[in-house]
Number of protein chains: 2
Amino acid sequence: MAADATGALGWQDVAALARARLAARIWPPGAIIPPEAELAREFGVSRSTVNRALRALAEEGWLDRRRKAGTRVAERPVHRATLAIPLMRDEVEAAGHRYGYRLLDREVTATPGLLALQLGMRGVPRVLRLEALHLADGRPWAHEERWISPETAPGVFEADFAAQSANEWLVTHVPCSSVEVSVSAERATGRVAAMLECEDGEAILVVERITRQEGRGVTLLRLSHAPGHRIRSTPG
Amino acid sequence: MAADATGALGWQDVAALARARLAARIWPPGAIIPPEAELAREFGVSRSTVNRALRALAEEGWLDRRRKAGTRVAERPVHRATLAIPLMRDEVEAAGHRYGYRLLDREVTATPGLLALQLGMRGVPRVLRLEALHLADGRPWAHEERWISPETAPGVFEADFAAQSANEWLVTHVPCSSVEVSVSAERATGRVAAMLECEDGEAILVVERITRQEGRGVTLLRLSHAPGHRIRSTPG
DNA sequence: TAGTGGTCTAGACCACGAT
DNA sequence: TCGTGGTCTAGACCACTAC
C-alpha cells in the first residue's frame, strides 16, 4: 500500500490520484476517462493496480465501468450510507445501559398470506410468532414483533425464547446472508404504546427487517422503538 | 468469473464454496480457517484468486482477517444495510410522481455554534440557510431546512436556489465524499406541519444528513417527510 | 522469528458490447 | 469486429504480529 520506499505507487495511491482528478473536474461528470492500460503507463504501475483502484471508485459510485464502452464518470454520484445492524443487546450496551429482555408472547400460528409473500415462503404452513420487549436499564427500549420460518430456521419451535432473544438465537443457529430494512414513523397506539410506556399518539420509529438465507426468508421483524430513538449511519 | 469451459474456478466460485462452508458450520464461528496458500492448493486456483474471494467475504463481515493471525470466522456477522441517497427529484419520480420544488426562504446568517461544531467548520463566520419544499404531484413530499458552508461550496451565495434545489446545485458544483445520516421520528408541529399540510402531532420521519468533502463539512440538511413516508434499504 | 495476509507485476485469455 | 474491462496465474516482496 502507499508509496513504498522505492517510490512506486500502490492501488490506494492511484485511487487517491483519480479521486483528485474527479474533484478537480479534470475528469468531469459524463466524461470517459483513459483506459486502464494508458493510466497504467502514465502512473508507472501495472494494469492490475489501476484496475483495483478504479474498481474501488466504481464500487463507491464515482465511476461507471463497462467493457468496451470504457470508464465513464458518473453524472451524479449516488451517495450511499450504511446502517449497521447490531444485536439489540450490543446496541443498548453501546448506549451505556444495562440490557434487559422480556418475552411477551409466543405462538405457533398459520402462516399469514402477506408474510408468506414477503418472505418468499412456499408450502410453509406454520410459523412461529414472537412478541418481546427490549429494555435499557429496566425501561422500555423497543417492542418487537417477529415471525420466524421453521423451514430456514429448523429447531425454532423447540428453542426457549424466554431465556434468549430471537435475535441472539438466530445469530448462533442460522447463518443469514442478506437483510432488507424499511424505516417509518408511526404513532404509538394501544398495546405497543402501553408496552413502551408512552402516551398514545407519540411519534415512534418503526423498523421492519426481513432476513434471508440464500434468498429464502428466515424472519420478519417489526421493531417499535421508544420515543426519541435515533438511527445513525456508520461513518464507514 | 464462474467456472469456464475448462472447469477452472473463478473467485466468485471460491467465495460461494467458502460461504457454503460457513453456512454448514464446517467453518464454525470463531474458528480459524486454512491459510490462503492451502485453500489455493485445495481448490486448484492461485492464491490471488483465493485472496480476492476471502477479501470479499471479509468486506461483508463474515471473516476477520489479520496477518500472521490468519483468517477467523466472525463470531457474529454484523449485518449491514445500505441506504441509497438519491436526488429528491429522482426519488419522487421513481415513486411515479411529478416532481416539484419551492424555495420558501433564503438568508445569509451568522454561523450557529452547534452547526459549526457538527460540520467541523472553523473561521467560517456566515453560512447560507435555505428552507424549501419538495412536492410530488403538487402535494407536499418533504420539507427541507439546510445550511451550506461557503468555504467548501464557493459561489453558493450567488447561486439561484429559486430555480434549482440546493441538492441539484451541490451535485453539479461541489464534489462530496462522505455522507452521515441520522433518522428519527418526530411529531409535526407549527410551520413544518403547515407546510406539509398535515395535522399537528402527526408522526413524521425526520432525516438529518451531513455531507463532507475530504472531512470538511459542506452542508447540513434536515428533511421532514410527509406522513407515511418510508425509507428502504437497497437490496444490494 | 516465522507465518500469514496485503499487494504488485507481467503476461495472458476471455466476455461483453459499441460500432 | 475488436477495444475495453474482468479475471486468472505464478512469482515475488513486504508488513504485520503472534509466538
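Below, chains carry the letters A, B, ... as their sequence lines are ordered, and counting in each starts from 1.
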Would you check if there is a donor-acceptor pair between the side chains of [Y] and [X] at a distance under 3.5 Å?
{"X": "B:Thr82", "Y": "B:Thr234", "answer": "yes"}
{"X": "A:Arg146", "Y": "A:Thr219", "answer": "yes"}
{"X": "A:Arg232", "Y": "B:Ser182", "answer": "no"}
{"X": "B:Arg216", "Y": "B:Thr152", "answer": "no"}

Rounded off to whole Å, could you give me the [atom1]-to-[atom2] distance for the [X] and [N] pair?
{"X": "B:Asp13", "N": "D:dC8", "atom1": "CG", "atom2": "C1'", "value": "12 Å"}
{"X": "B:Lys68", "N": "D:dA18", "atom1": "NZ", "atom2": "C1'", "value": "5 Å"}
{"X": "B:Arg65", "N": "C:dG3", "atom1": "CZ", "atom2": "C1'", "value": "14 Å"}
{"X": "B:Arg72", "N": "D:dA18", "atom1": "CZ", "atom2": "P", "value": "10 Å"}
{"X": "B:Asn51", "N": "C:dT7", "atom1": "CG", "atom2": "P", "value": "8 Å"}
{"X": "A:Arg67", "N": "C:dT19", "atom1": "CZ", "atom2": "P", "value": "17 Å"}
{"X": "A:Glu59", "N": "D:dG6", "atom1": "CD", "atom2": "C1'", "value": "13 Å"}
{"X": "A:Asp64", "N": "D:dT4", "atom1": "CG", "atom2": "C1'", "value": "14 Å"}

When the nearest nucleotide of DNA chain D is assigned to A:Gly70 and to A:Arg55 on a heavy-atom basis, which residue is associated with the more 5' position?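 Nearer the 5' end of the strand: A:Gly70.
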Classify the ring geometry between B:Tyr101 and B:His134 as parallel (under 30°), tilted (30 to 60°) or perpendicular (over 60°). tilted
Evaluate the ring planes of A:Trp141 and A:His229, with Trp represented by its six-membered ring, and classify them as parallel (under 30°), tilted (30 to 60°) or perpendicular (over 60°).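 Aromatic pair A:Trp141/A:His229 classed perpendicular.
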Basic-acidic side-chain contact under 4.0 Å: A:Glu144, A:Arg222: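 Result for this pair is no, no salt bridge flagged.
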[X] side chain near [N] phosphate (N/O to OP1/OP2, under 4.0 Å):
{"X": "B:Arg52", "N": "D:dT7", "value": "yes"}
{"X": "B:Gln12", "N": "D:dG6", "value": "no"}
{"X": "A:Arg66", "N": "C:dA18", "value": "yes"}

With a 4.0 Å heavy-atom cut-off, tell me which residues in residues 29-49 of chain B come close to DNA chain C, sorted by residue number. B:Pro35, B:Glu36, B:Arg47
